[in-house]
There are 2 protein chains.
Amino acid sequence: MAETKKTAPSARRREIVEIATGLFLENGFAATSMAAVAEAAGLTKASLYHHFPGKEELFAACVTHGYAAELERLRDIASGDASDAPEKMRAAINALYETIISSQVGRMSPLIAEVSRSFPTVARSFHDDYIGPQHEILCKMIDEGVASGQFADVDRKVFLHLVFGPIVTLSLSREMFATFQDLEEHFPVAHLRDGHVDMLMQALAKPLAV
Amino acid sequence: MAETKKTAPSARRREIVEIATGLFLENGFAATSMAAVAEAAGLTKASLYHHFPGKEELFAACVTHGYAAELERLRDIASGDASDAPEKMRAAINALYETIISSQVGRMSPLIAEVSRSFPTVARSFHDDYIGPQHEILCKMIDEGVASGQFADVDRKVFLHLVFGPIVTLSLSREMFATFQDLEEHFPVAHLRDGHVDMLMQALAKPLAV
DNA sequence: GTCTATAAGTAGATAGAC
DNA sequence: GTCTATCTACTTATAGAC
């Protein structure tokens, strides 16, 4: 019953992954060396290689880590009271803004683009395990609203394009221009988010009966 | 009057820049070595260093190269007939789709995010010399439409967020998932673009007088 | 599981001949 | 303006002791 049996190993891995994620976000994939990760995590390089077979797998673990929590949150919102579909949709989009702009997983997008050229597997699992489910959840919310007569029957692909587009780009811009001192003035998250949500709700609004 | 006087040097540079841009887009910044660029351009590394003092400057030249043409195109559209503001706006957004999705400059965004962490100067000039002017041109088009009573007086920052957001994200997604065989099915540019434009025109539409 | 030591290779960049 | 040859620093990854 030693603590080093089934719990401790994954805890250490988790710790390493969290530290590595921070470094990857700060410096990019290529510019983050295994040595730097090891040092930051208080190990030597060789020990790090004991936990992860290679840099690709370490990065993949960083991307995967956090999915569960983010998706869980969205599912919670989606499974809420169906009587006020617009309010539910607002809550979901606000949650997406928070996730994609602030969380480590959300900010990973440009990194994944960087890495996916060398390791297409990473992009594939990011798409299948994270993007896909997110889209599914939102689609179901729209279906529900349409069925109950609260939403117009919008084109799903276009709507998702309009939902995620501005959020992801805002995140990318903020990564890109992170060194700007007037970042918040250039990209005021709350203001842009509110305008964005208003537009989406207008697009979902059922046109008056003719 | 030798041909190698004032025209040839810049022509050679231009050629190198175009080849380097392709490599950067294909492999990313860090994964593209100066040796690879030199080989692709038919030079040795040392000769490449004769043309560009370093990798940063080479990349900056790649980013800058192409601005002029893209901005010129947008300015052409913006300076056209003011009597049909909506049609002009449609044309401008269609042009942006083409530029950002297809052109080399447009597809550079995730790369710039990668590089900007190490070289903030690159991001700064990208913002000031490309993004800034683009926004200015679009804002003037809105001003014009508002002044002539064809557009509602929308929040400019929000509107730009809604214009560029979906386009840039679509470009990023297509870079990210470039290895997918069903890419066009997942991200059908023309379809998404048309739905996007419709939404934007609706947002700009002047509400009926009360 | 963690360490020291090192392999094996590649990066950006430069010196100096032609 | 282009070359050959080279330097230094750093990369991922491994071998083997403890």
Side-chain angles (χ1 to χ4, degrees), chain A residues 1-21 23-24 26-63 111 114-119 121-122, chain B residues 1-21 23-24 26-63 111 114-119 121-122:
Chain A
M1 290 289 190
E3 278 173 29
T4 341
K5 239 189 171 177
K6 286 280 169 189
T7 54
S10 59
R12 189 86 179 95
R13 251 184 78 109
R14 193 193 157 98
E15 197 186 339
I16 295 170
V17 161
E18 275 165 12
I19 288 167
T21 303
L23 288 177
F24 281 135
E26 201 175 331
N27 310 314
F29 177 79
T32 300
S33 70
M34 293 295 270
V37 173
E39 190 186 5
L43 297 119
T44 55
K45 240 183 338 174
S47 301
L48 178 57
Y49 273 95
H50 173 79
H51 292 279
F52 300 91
K55 197 182 179 182
E56 178 186 354
E57 289 81 1
L58 172 59
F59 182 77
C62 292
V63 174
L111 275 160
E114 179 192 344
V115 172
S116 68
R117 282 177 292 253
S118 315
F119 310 116
T121 335
V122 176
Chain B
M1 289 292 191
E3 278 175 26
T4 341
K5 244 194 166 174
K6 284 280 170 187
T7 54
S10 59
R12 189 87 179 98
R13 252 184 78 109
R14 194 193 155 99
E15 197 186 339
I16 294 171
V17 162
E18 276 165 10
I19 288 168
T21 303
L23 288 176
F24 281 134
E26 202 175 331
N27 310 314
F29 177 78
T32 300
S33 68
M34 293 296 272
V37 173
E39 191 186 4
L43 297 118
T44 55
K45 237 185 339 175
S47 301
L48 178 57
Y49 272 94
H50 173 78
H51 291 282
F52 300 92
K55 197 180 180 183
E56 179 187 354
E57 289 80 4
L58 171 61
F59 182 77
C62 292
V63 175
L111 275 160
E114 179 192 345
V115 171
S116 68
R117 283 178 291 255
S118 316
F119 309 116
T121 335
V122 176

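Just so you know, these numbers use all the heavy atoms, side chains as well, and skip hydrogens, waters and symmetry mates. Every chain is numbered from 1, with letters handed out A, B, ... down the list of sequences.
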Protein-nucleotide distance (F29(A), atom CZ; dA11(C), atom P), rounded to Å: 15 Å
Of the listed nucleotides dT2(C), dG12(C), dT14(D), the one nearest the side chain of L43(A): dT2(C)
Closest listed nucleotide, where the reference is the side chain of Y49(B) and the choices are dT12(D), dA15(C), dA13(C): dA13(C)
Side-chain (K45(A)) to main-chain (V37(A)) donor-acceptor, under 3.5 angstrom: no
Nearest-0.5 Å distance that lies between atom CG in L23(A) and atom CD1 in I19(A): 8.0 Å
Separation of atom CD in E39(A) from atom P in dC3(C), rounded to whole Å: 12 Å
Closest to the H50(A) side chain, choosing from dG12(C), dG1(D), dT2(C): dT2(C)
Distance in angstrom units between N27(B) CG and dT10(C) C1', rounded: 15 Å
Distance, rounded to the nearest Å, where R13(A) contributes CZ and dT2(C) contributes P: 13 Å
Closest to side chain of S33(A), choosing from dT11(D), dT4(D), dA13(C): dT11(D)
From CD (E15(B)) to CD (E18(B)), nearest 0.5 Å: 8.0 Å
Of G54(A) and I16(B), the one whose closest DNA chain D nucleotide lies more 5': I16(B)
Of the listed nucleotides dT2(C), dG1(D), dG12(C), the one nearest the side chain of H51(A): dT2(C)
Between dG1(D) (C1') and E15(B) (CD): distance, integer Å: 14 Å
S47(B) side-chain N/O to dG1(D) phosphate OP1/OP2 under 4.0 Å: no
Atom-pair distance (CZ on F59(A); C1' on dT12(D)), nearest Å: 17 Å
K55(B) NZ/CZ over F119(B) ring centroid, <6.0 Å and within 45° of normal: no
Rounded distance in Å - NZ (K45(B)) to C1' (dT2(D)): 15 Å
Salt bridge (Lys or Arg N to Asp or Glu O under 4.0 Å) partners for E39(B), two or more places apart: none
Separation of atom NZ in K55(B) from atom P in dT14(C), rounded to whole Å: 15 Å
Nearest-nucleotide pick for R12(B), side chain only, options being dT2(D), dG12(C), dT2(C): dT2(D)
Sugar-phosphate, base or nothing in reach of T44(A), heavy atoms under 4.0 Å: base
